[in-house]
Each structure stands twice: as C-alpha cells, then as structure tokens.
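Just below is one structure, and these are the notes that go with it.
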Amino acid sequence: MNDGILKIAFLHRAKDPYTYERIKYFVNKKHIVYSIIFDLGEKIPLQFDFVQFKLRKTILDKIPLVKRCIHYYEIKKIIQQIKPDVIHVVNSLNLIYLNYKSDILKVIENQGSDVIYTPKNFKFLIPYYKYM
C-alpha cells in the first residue's frame, strides 16, 4: 500500500452489476483495481479504468466445484503477479480461493442464495461450507 492507495482484486462473474459498482467506487477513490472473471461468454463492461483478467475457458467450467479446482492455480498465479492488498471474492462457491497462504486481506461477499438455497439444494456442499 502506497500513500493510502490499495491494490484490490475482485474475483467475480462478468455480468454481476453490483460488483462493477463496487469496482467503480474504488476506482473513483484512486485505488488500483483488478477484476478476475471466469470466461462464460458474458459481455464485459469496461466503462472505467481497471485491469481485467479473464480466466481460460475449459469444457469443465459448467461444473461448479470442478471449475473452482481447475482455475485454482491460474488464479493463484494472477494473485502472485499483481500482489494485491485485498482480494474480494464474490460468491460462496469461490471460498476455496481464500485458502491462499499470504498476508493479503481476504473478503468474501456472500449472496443470499449462496448461504440459503445452495446448501439446501446441494447437500454435498454443506461440509465444504463448514470447512471454509
């Protein structure tokens, strides 16, 4: 952190308008912002100044937990490259990325469906949620 300026990395879906509002807020406050997104073929708004990393697309990206494992090291490499002060992870299924051993401030943004509906509909995720 230099002169109160933070380097903030957001991990999120490309079409999440709420995350882009948060990114815009931090960009307007003169922080350095990175956006790390899964390539789901979604349109990406580039209305303001931030750096975007699009993860490689694989055939297994349609399987929620498998997608997280496939991209684990790719995201880790990006994080090591940009050395952010904060990593802001959107969606509870992305909790696995908070396991990175580093002194980065880690923030998880739970969405209502993440903590209410997902464990009810996918019982096998309950131990994963509890562990994380």
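Note: hydrogens, waters and symmetry copies are ignored here, and every other heavy atom, side chains too, is used.
In this structure, Ile75 and Leu11 have side chains that are in contact, with non-hydrogen atoms separated by less than 4.5 Å. Annotation: side chain of Ile79 is in contact with side chain of Ile104 (closest heavy-atom distance under 4.5 Å). Contact of the Tyr20 side chain with the Phe10 side chain is not registered, since no non-hydrogen atoms from C-beta on lie closer than 4.5 Å. Within the 4.5 Å cutoff, the side chain of Val89 has no heavy atoms near those of the Lys106 side chain. Lys7 is listed as a side-chain neighbour of Tyr34, based on a closest heavy-atom distance under 4.5 Å. Side-chain contact between Ile32 and Leu6 is absent, with no heavy atoms from C-beta onward closer than 4.5 Å. The shortest side-chain heavy-atom distance between Lys77 and Glu74 does not fall under the 4.5 Å cut-off.
Residues forming a side-chain contact (heavy atoms from CB on, under 4.5 Å) with Lys29 (at least two apart in sequence, or on another chain): Tyr25, His31. Residues that satisfy the side-chain hydrogen bond (donor to acceptor under 3.5 Å, both in side chains) test with His12, not counting sequence neighbours, are Ser35. Contacts of Ile78 classified as side-chain contact (heavy atoms from CB on, under 4.5 Å), with partners at least two apart in sequence or in another chain: Ile36, Phe53, Leu55, Ile82. The side-chain contact (heavy atoms from CB on, under 4.5 Å) check on Tyr18 picks up Asp16, Arg22, with sequence neighbours excluded.
The distance from atom NZ of Lys76 to atom CD of Gln81, rounded to the nearest 0.5 Å, is 15.0 Å. The distance from atom CD1 of Ile23 to atom CZ of Phe50, rounded to the nearest 0.5 Å, is 5.0 Å. Atom-to-atom distance recorded for Ile5:CD1 and Lys30:NZ is 9.5 Å, nearest 0.5 angstrom. To the nearest 0.5 Å, atoms CG (Asp103) and CG (Leu105) are separated by 10.5 Å.
The nearest pair of heavy atoms linking Arg56 to Ile70 is NH2-O, 3.5 Å.
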